[in-house]
Amino acid sequence: MIAPTGKTKRRRVIAGNWKMYKTQADTRAFFSAFLPLVDGVTDCDIVVAPPFTDIPAAVEAAKGTAVAISGQNVYWEKEGAFTGEISAGMLVEAGCRYTLIGHSERRQFFGDTDDTVLKKTKAALAAGLTPIVCVGEKLADYQAGNTEHICQTQFLGSSNSLTPEEFSRILLAYEPVWAIGTGHTATPEIASAVHKFLRSCAAARFSESLAANLRILYGGSVKPDNIKGLMAQEELDGVLVGGASLDPKSFASIVKDWPR
Ligand code: 13P
């Protein structure tokens with residue numbers, strides 16, 4: 001619901017995407033170092049997305065803590081002859097509560113489209129997962145001033161036919177491709193402006209109140225030294241962290257060191 005001031009307090013989310021890094025032994029070592037560092041943090045959601053093979057080790061290590069585990073991708077069918085794919089039910093059974101969907105690396109290298117992202121999102125929701133749906137423009141689009149057009153197309157292509165109830169359960173991540181793994185973070189102001197724009201698209205497509213409750217994360221070279229500036233933006237409801245989530249100390253400092 002929109003508060004009378006027009007401002008809605010959204011619970012922040014700090015999520016780490018490990019991509020194709022870490023073995024099971026690395027996963028156990030990460031959690032033994034990370035969990036004591038974030039013990040007592042209760043005012044934000046903490047999510048880690050390890051590679052599929054590390055999920056059982058991560059779930060076991062994070063059991064009884066506030067840290068939730070996420071898949072990095074999901075397939076939309078429940079089962080079948082789909083070599084190499086993992087269903088939403090399989091992620092749930094393994095102990096995941098979230099899954100990333102449509103990460104730019106999936107869109108660029110593995111054929112994810114707005115259409116498959118929508119199917120994956122619906123399947124994840126049906127299985128009870130919280131999808132973290134990713135959108136973001138490439139450098140050439142950014143330079144050509146096409147950021148809003150690309151993000152709107154990916155966002156609505158990925159969510160247009162969700163029901164309002166389904167839409168209320170997704171998280172959105174804005175990850176400009178030019179900022180991923182490059183060290184070139186979008187400035188807090190650039191990120192905030194895109195989030196604001198995406199929220200306005202959500203309001204136009206769904207409703208003001210669903211838009212006001214939508215949590216939008218920023219991703220792209222988020223580090224301990226830029227987290228304060230990013231999270232100071234009211235429009236940023238959290239971050240999706242790649243490289244800096246691999247190290248327990250740096251990820252813990254991202255979880256903790258921002259203005260509450
Ligand atoms: P980096 O933080 O390494 O730039 O990666 C961002 C990302 O792609 C998270 O999903």
Side-chain angles (χ1 to χ4, degrees), residues 12-22 26-27 30 34 44-52 54-55 58 67-74 91 96-110 112 117 120-121 124 129-139 141-142 147 150-151 154-155 158 170-188 190-191 194-195 198 215-231 233 236-258:
R12 302 287 186 81
V13 187
I14 309 291
N17 172 12
W18 285 359
K19 309 193 177 184
M20 201 175 75
Y21 291 99
K22 291 196 191 293
D26 295 338
T27 300
F30 173 91
F34 176 68
C44 63
D45 294 335
I46 307 171
V47 182
V48 173
F52 287 137
D54 295 337
I55 287 172
V67 180
I69 306 304
S70 171
Q72 294 181 11
N73 181 37
V74 68
L91 288 181
C96 288
R97 289 175 35 210
Y98 293 77
T99 185
L100 304 182
I101 297 179
H103 188 279
S104 61
E105 287 147 20
R106 302 291 323 167
R107 291 180 190 258
Q108 270 184 284
F109 308 131
F110 303 102
D112 269 6
V117 170
K120 290 176 180 195
T121 304
L129 291 167
T130 298
I132 304 177
V133 178
C134 306
V135 302
E137 82 286 8
K138 294 187 183 147
L139 181 61
D141 295 314
Y142 173 67
T147 297
I150 298 286
C151 291
Q154 291 181 351
F155 173 46
S158 307
I170 73 167
L171 302 183
L172 187 64
Y174 168 56
E175 298 203 302
V177 177
W178 48 269
I180 295 179
T182 59
H184 300 301
T185 326
T187 62
I190 293 176
V194 178
H195 286 211
L198 288 167
R215 293 186 290 171
I216 310 179
L217 319 188
Y218 166 77
S221 298
V222 175
K223 309 281 179 218
D225 64 6
N226 57 29
I227 187 66
K228 282 194 185 71
L230 289 164
M231 295 291 276
Q233 295 287 331
L236 267 68
D237 304 312
V239 285
L240 180 53
V241 187
S245 71
L246 294 170
D247 176 69
K249 282 204 190 92
S250 78
F251 194 46
S253 106
I254 290 171
V255 168
K256 293 198 293 192
D257 297 343
W258 45 270

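All ligand and atom numbering here is 1-based and tracks the order in the structure. Starting from 1, each residue takes its place in the sequence as its number.
A distance-only check finds no donor-acceptor pair linking the side chain of Glu137 to the backbone of Tyr142 [under 3.5 Å]. Side-chain atoms of Arg107 come within 3.5 Å of backbone N or O of Cys134 as a donor-acceptor pair. A donor-acceptor contact shorter than 3.5 Å links the side chain of Trp18 to the backbone of Ser245. Judged purely by atom type and a 3.5 angstrom limit, Asp141 has no side-chain atom pairing as donor or acceptor with the backbone of Thr147. The backbone N or O of Ala49 sits less than 3.5 Å from a side-chain atom of Gln72, completing a donor-acceptor pair. Tyr218 places a side-chain N or O within donor-acceptor distance of the main-chain N or O of Ala186, the cut-off being under 3.5 Å. Using a distance-only test at 3.5 Å, with no hydrogens or angles considered, a donor-acceptor pair links the side chain of Asn226 to the main chain of Ser221. A distance-only check finds a donor-acceptor pair linking the side chain of Ser250 to the backbone of Ala244 [under 3.5 Å].
When each atom of ligand 1 is checked for a heavy atom of Glu175 under 4.0 Å away, the hits are 6 (C), 7 (C), 8 (O), 9 (C), 10 (O). Which parts of ligand 1 touch Ser221 is read off a 4.0 Å heavy-atom cut-off, strictly below it: atoms 1 (P), 2 (O), 4 (O). Numbered from 1 in the order shown, with element, the atoms of ligand 1 that lie under 4.0 Å from a heavy atom of Gly243 read 1 (P), 2 (O), 3 (O). Residue Gly220 approaches ligand 1 through these ligand atoms, each under 4.0 Å from one of its heavy atoms: 4 (O), 6 (C).
Not a single heavy atom of Ala244 sits less than 4.0 Å from an atom of ligand 1.
Between Lys223 and ligand 1, a contact under 3.5 Å exists for no N or O pair. Any N or O atom pair closer than 3.5 Å counts here, and His103 shares at least one such pair with ligand 1. Remark: ligand 1 and Gly219 share no N or O pair separated by less than 3.5 Å (distance only, no angle test).
Counting heavy atoms closer than 4.0 Å to ligand 1, residue Leu240 contributes atoms from both its backbone and its side chain. Counting heavy atoms under 4.0 Å from ligand 1, residue Ala179 touches it through the backbone alone.
The nearest protein atom to atom 2 (O) of ligand 1, hydrogens excluded, is given as Gly242 N, 2.9 Å; this is a heavy-atom distance. In terms of protein heavy-atom proximity, atom 4 (O) of ligand 1 is closest to Gly181 N, 2.6 Å.
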